[in-house]
Amino acid sequence: MKGALTPAAAADMIPDGASVMIGGFMAVGSPLRMIDALVARGARGLTVIANDTAMPGRGIGRLITAGCIARLITSHIGLNPETQAKMIAGEIDVELVPQGTLVERIRAGGVGLGGVLTPTGLGTEVQQGKQVIEVQGKRYLLETPLRADFALLAAWQADYLGNLCYMLTAHNFNPVMAMAGATVIAEADSIVPVGVIAPDAVKTPGVLVDHLLLRSGKGE
Amino acid sequence: MKGALTPAAAADMIPDGASVMIGGFMAVGSPLRMIDALVARGARGLTVIANDTAMPGRGIGRLITAGCIARLITSHIGLNPETQAKMIAGEIDVELVPQGTLVERIRAGGVGLGGVLTPTGLGTEVQQGKQVIEVQGKRYLLETPLRADFALLAAWQADYLGNLCYMLTAHNFNPVMAMAGATVIAEADSIVPVGVIAPDAVKTPGVLVDHLLLRSGKGE
Amino acid sequence: MDAKELIARRVAREIRPGMLVNLGIGLPSLVAGYVPASLGVFFQAENGVIGLGARPPEGMEDPHLTDAGGGFVTAVPGAASIDSAMSFGLIRGGHLDMTVLGGLQVDAQGRLANWKVPGKMVPGMGGAMDLVTGAARVVVAMQHAARGQSKIVADCDLPLTSLRRVDLVVTDLAVIVPREDGLHLIERAPGVSVADIIAATTAPLIVPDDVPEMILI
Amino acid sequence: MDAKELIARRVAREIRPGMLVNLGIGLPSLVAGYVPASLGVFFQAENGVIGLGARPPEGMEDPHLTDAGGGFVTAVPGAASIDSAMSFGLIRGGHLDMTVLGGLQVDAQGRLANWKVPGKMVPGMGGAMDLVTGAARVVVAMQHAARGQSKIVADCDLPLTSLRRVDLVVTDLAVIVPREDGLHLIERAPGVSVADIIAATTAPLIVPDDVPEMILI
């Protein structure tokens with residue numbers, strides 16, 4: 001862990017055109033303060049990798065509305081008509097990826113594997129342009145790993161080493177994205193002193209986290 | 001979860017010649033009561049998939065001494081001279097696999113992926129007989145998934161649905177093996193009523209576990 | 001009883017004790033309401049929980065506990081939190097006993113299309129492709145027709161979700177089992193005749209001499 | 001000071017504040033003893049902990065907390081338990097800043113052999129192949145010779161651990177940096193001459209005009 005930042009300072013670290021993984025599933029487990037800071041800064045041209053774009057006005061949906069995103073790698077945009085409209089209008093380039101493939105591509109990027117061999121998508125539109133590999137008589141799509149310049153995470157609890165715990169369905173993509181961002185920034189509901197989180201409760205080791213957001217209300 | 005068994009009843013379920021994944025690292029996090037029951041039953045011809053064979057007289061080392069194992073897929077046998085001697089004498093067929101590749105092959109088997117693309121082992125003896133796949137200009141070994149008839153796990157705490165928690169360095173291979181055995185049997189230091197383990201503390205969901213061993217001293 | 005309730009109650013009969021079941025958003029999510037707690041069934045929400053419970057009482061919602069549609073839920077005793085990698089590991093790895101999904105079309109080969117209407121509606125596949133590929137049993141729960149058009153067709157003209165043949169299709173008119181030789185009509189909705197079903201279906205159906213009425217939970 | 005202590009103390013100087021470091025079993029594990037706590041270094045044991053601490057006092061050992069050699073250890077404040085998939089995810093994914101490993105041979109291309117002596121000793125590679133492939137920086141800590149034979153050779157005749165060129169070799173005689181053009185001798189042990197090192201090494205060495213003596217922690 002290199003330090004705790006205000007949301008604005010964190011947003012300033014992320015240049016226009018950067019690739020950014022953002023945790024969350026329908027805005028649950030998404031780093032909402034980071035997202036608001038990116039909107040406030042007027043970020044442009046981001047490539048966002050995330051499960052979904054939530055709904056207009058919520059979570060990643062705010063980045064869509066504000067026009068921050070040029071390219072999107074995601075599994076589902078069905079509950080955000082703005083994303084669909086901007087995709088059809090050619091304002092956002094959208095790559096739709098099956099959810100299980102998306103999470104494995106991110107994991108592969110984070111753990112140094114060369115790709116993912118999955119049966120999902122075989123014989124569908126998802127197969128287009130991809131290598132098919134046969135292993136032990138079965139066919140699989142070769143899906144490439146994903147990494148990003150930044151991973152923006154939401155956690156329930158953190159300590160000042162950057163160890164993270166997540167709560168219930170707010171885990172979702174956060175633990176895998178923690179491994180796949182060149183710079184990892186996490187915002188947590190609470191930050192506790194080092195030693196307070198039991199080793200067995202840590203879901204993301206602090207060595208993966210570069211920055212925490214200061215607690216809400218501090219330095220803002 | 002289908003029920004709780006005595007170690008002897010569990011060992012009786014595992015026929016000679018079965019493939020068996022066994023959790024643990026140098027006997028830490030290994031299901032020691034299950035291992036003793038397999039030795040007591042005189043199991044023969046097992047294919048064992050495990051990180052190591054511990055030392056003579058400890059953990060999986062007891063299965064080696066007792067002659068239960070015909071085939072072994074493992075990463076390290078350096079601290080068990082008996083395993084090395086039996087391998088050199090041709091009594092046990094040993095496939096040595098890099099540890100990170102071993103855990104990913106088991107994971108791939110458990111999560112339905114067709115294989116593992118890893119840079120580990122490229123250009124070494126480990127490459128022999130394997131496909132090399134190029135992805136985005138880099139070369140990777142294609143390693144095949146592993147599954148087994150049984151996975152034998154050790155946990156720190158279980159509930160009667162089969163939810164499992166592990167402690168400190170006793171996690172090791174147990175969580176991935178829980179996904180890759182056709183029948184999964186776990187022994188736990190303690191078994192608590194359903195509802196006592198917080199959802200966020202569960203490392204292996206009970207839906208993956210077929211049987212628990214009865215608590216030590218019960219029914220033995 | 002409206003069409004959705006009919007479909008949900010019929011699908012609920014497919015669920016066996018102790019199963020791990022994933023219910024899609026929308027119509028499929030209604031099925032949970034008809035599964036007796038005594039069955040010990042675990043519902044998975046692919047966004048991260050095994051042991052999904054009912055909607056919490058007003059004021060007791062937790063923003064960290066939602067279903068795949070983003071609605072507030074509870075967790076049953078013995079529930080487990082999982083991340084997306086574990087969630088889809090369970091799905092793709094064959095650990096999920098059943099998934100119930102909505103559909104746009106099912107064709108004579110039993111193949112499902114449910115994620116895209118080119119040029120019109122592109123919600124994305126979300127978890128559907130993994131669910132159809134990996135679940136031990138795939139049940140499609142949908143209206144038999146949309147805007148007067150049969151959704152059970154000779155060949156899907158919408159993009160497929162998977163090449164895998166689904167195991168069961170339950171509509172407001174019929175229960176159909178896709179097999180290698182085609183679509184077998186096995187049950188009809190109360191008050192609906194075999195002739196009604198054939199008239200409402202553009203795919204060829206294999207019809208046995210006796211097509212009993214659905215039994216509902 | 002014996003050879004092992006010398007090597008461990010020299011390797012300790014390579015460690016920078018806040019690094020995540022994996023120490024192999026045997027000689028490399030001694031390095032931890034010479035790294036000041038003030039550096040805030042985290043040691044990973046690949047069997048499952050980040051934040052490995054010293055051996056516990058007699059009677060306070062926990063059978064669930066050991067290092068990769070099976071010896072009892074403690075955990076520092078802020079430690080994290082990890083399973084083997086996460087452990088090697090960190091290693092292969094480039095999240096490990098440094099690994100220190102023992103060696104049987106290093107060759108003129110800087111390639112390491114450390115897992116097998118065919119027909120004699122086959123310990124297996126354990127985590128070594130992943131560590132050498134994935135760690136940001138690979139340091140080999142070993143005696144310069146074994147049974148009178150140089151372990152720094154023109155070409156490894158033992159099976160390689162990886163094609164990757166290691167970053168540094170520290171022996172009881174010398175510190176060597178493998179680069180594309182060969183093995184650069186950069187330091188000599190106290191009281192050891194360059195001529196001694198050349199005589200004890202079968203691989204060709206690139207020797208600058210000035211080869212300073214090692215500085216030890």
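Quantities reported herein were computed from a predicted structural model and do not represent experimental measurements. The sequence lines fix the lettering, A, B, ..., with proteins before strands; numbering per chain opens at 1.
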Single hit among A/Val207, A/Leu161, A/Asn163 for side-chain contact (heavy atoms from CB on, under 4.5 Å) with D/Ile50: A/Val207
Least distance between heavy atoms, D/Gly89 atom then A/Met179 atom: C-CE, 3.8 Å
Close contacts, residues 57-79 of chain D versus chain A, judged by heavy atoms under 4.5 Å: D/Pro77, D/Gly78, D/Ala79
4.5 Å side-chain heavy-atom contact, A/Val202 and D/Ser81: no
Largest heavy-atom contact set with chain D, pairs under 4.5 Å, which of A/Gly195, A/Gly109, A/Pro175, A/Gly112: A/Gly112
Residue pairs fulfilling ring-ring contact (aromatic ring centres under 6.0 Å, His included) with at least one residue in residues 169-190 of chain A, sequence neighbours excluded: A/Tyr166-A/His171
Neighbours of chain A found in residues 90-113 of chain D - heavy atoms under 4.5 Å: D/Leu90, D/Arg92, D/Gly93, D/His95
A/Arg139 atom CZ, neighbour heavy-atom count above 12 within 6.0 Å: no
A/Lys203 versus D/Met86, closest heavy-atom pair with distance: O-CE, 3.9 Å
Separation between CD1 of D/Ile82 and CG of A/Asp200, rounded to the nearest 0.5 Å: 12.0 Å
Exceeds 12 heavy-atom contacts within 6.0 angstrom, atom NZ of D/Lys4: no
Interface residues of residues 21-44 of chain D facing chain A - heavy atom cut-off under 4.5 Å: D/Phe42
